[in-house]
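Notes to accompany the following structure.
Letters A, B, ... are given to chains in the order of the sequence lines, protein chains preceding strands, and every chain is numbered from 1.
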Number of protein chains: 2
Amino acid sequence: MVTPRSILKSHKLRITDCRLDIIQEFLDRQVALAHSDLEEKLQNQFDRVTIYRTLNTFLEQDIIHKVLDDSGATKYALCSFEDDHEHDHEHVHFKCEICGETTCLDEVHLPPIKLPQGYKKRDMSLLVLGTCPKCG
Amino acid sequence: MVTPRSILKSHKLRITDCRLDIIQEFLDRQVALAHSDLEEKLQNQFDRVTIYRTLNTFLEQDIIHKVLDDSGATKYALCSFEDDHEHDHEHVHFKCEICGETTCLDEVHLPPIKLPQGYKKRDMSLLVLGTCPKCG
DNA sequence: GTTTATGCAAATTCTTTGCAATACT
DNA sequence: AGTATTGCAAAGAATTTGCATAAAC
């Protein structure tokens, strides 16, 4: 079972309240979160800087990844730990233009893409913009 | 033929040096550019603020579009004026992890994607990360 | 006890806004 | 001439850095 604690332990990171709370937040809401979302949620519990540093630590450790966003804001989401076998490097996200939420569509898989001569692919991210079920 | 001048005219925008130079820069280099790239290139010719405003004007007029980037920097690229028929709302970009350049892969087309129940798509952007022909 | 994370202050970078001067049509 | 754009100064976000204190192992 995946818990904030187990995630930190498996990455050999110290267990602190801020880290636990941030991971918990990602687990609870299955959407991509920006620094500002976390700051708002964990209001006054942790310093703004600590949240930045925590996010950067998690990025380095591949606990979270950046989610592309058209608005300019940097958003993050948990890397999926289910299919951990080889970190599948394929991200499909949906951003609702009404509520602004970005969700990971883990169940959607990208068909193979043919790239022009000479290009070598290592990772792919698809961002779909539109209307989500809640807002539709 | 597409020239900086013709682009501005067809969008009913006034013809100014800054606008001409920025469009020219996009035409010359077929890559996505960040504000900082333009600032560097047009060094001391125009104010930083003017470049920001020009980019925003072009965005509103659909002369350029934002290109997703994993680095956090906002990048822009010209909208393709060839297949102008209905602004096809499908963007495929390739970012080389070695030289950092992002290019539009106009020749690559996304196969139709099946979204889960309730999601309605309006636009899609694919970012492929890897190695480009020059760096490969 | 040693190492690492946190909080606070402050520095940097990125982006927007207001307003007078300038350039475009 | 009338309107939109530019440059400059300044304000406001977003993000990073340094250092002493506090917490984790």
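Taking atom CG on L20(A) and atom P on dT6(C), their separation rounds to 10 Å, with Å as the unit. The nearest whole Å value for the distance from the CG atom in N44(A) to the P atom in dG7(C) is 11 Å. If you take CG of D69(B) and P of dC14(C), they are 13 Å apart, rounded to a whole angstrom. Taking atom CZ of residue R19(A) and atom P of nucleotide dA24(D), one finds them 11 Å apart after rounding to whole Å. Rounded to whole Å, atom P of dT15(D) lies 12 Å from atom CG of D37(A). With rounding to whole Å, N56(A) atom CG is found 16 Å from dA14(D) atom P. Nucleotide dA5(C) holds its P atom 14 Å from the CG atom of L55(A), rounded to whole Å. The interatomic distance linking K75(A) (NZ) with dA14(D) (P) rounds to 13 Å, in whole Å.
In this structure, the side chains of C18(B) and I22(B) come closer than 4.5 Å at one or more pairs of heavy atoms. Contact check for L68(A) versus S125(B): no side-chain heavy atoms found under the 4.5 Å cut-off.
For dT16(D), the OP1/OP2 oxygens have no side-chain nitrogen or oxygen of Y52(A) closer than 4.0 Å. Here T74(A) reaches the OP1 or OP2 of dT15(D): one of its side-chain N or O atoms lies under 4.0 Å away.
Below 30°, between 30° and 60°, or above 60°: for H65(B) and H91(B) the angle between ring planes is below 30°, a parallel geometry.
Panel note: side chain S6(B), backbone V2(B); no donor-acceptor pair is recorded below 3.5 Å. H93(A) places no side-chain N or O within 3.5 Å of a backbone atom of T103(A) that could act as its donor or acceptor partner.
Residue pairs meeting the ring pair (Phe, Tyr, Trp, His ring centres under 6.0 Å) criterion with at least one partner in residues 25-47 of chain B, sequence neighbours excluded, are H35(B)-Y52(B).
Taking for each of T50(A) and A73(B) the nucleotide of DNA chain C with the nearest heavy atom, the 5'-most of the two is the partner of T50(A). Between R53(B) and H35(A), the residue anchored closer to the 5' end of DNA chain D is R53(B), taking for each the nucleotide with the nearest heavy atom.
Within the nucleic acid shown, E39(B) has no heavy atom closer than 4.0 Å to any nucleic acid atom. Among the atoms of the strands shown, base atoms are found under 4.0 Å from some heavy atom of R48(A).
The local environment of NZ in K120(B) is sparse, with at most 12 non-hydrogen atoms from other residues, nucleotides or ligands closer than 6.0 Å.
Counting only heavy atoms from C-beta on, D47(A) has its side chain closest to dC8(C) among dC8(D), dC8(C), dT6(D).
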Each nucleotide N or O in nucleotides 21-25 of chain C that has a protein N or O under 3.5 Å away: list the pair and distance.
| from | atom 1 | to | atom 2 | distance (Å) |
| --- | --- | --- | --- | --- |
| dC24(C) | O2 | R14(B) | NH1 | 3.0 |
| dT25(C) | OP1 | I15(B) | N | 2.9 |

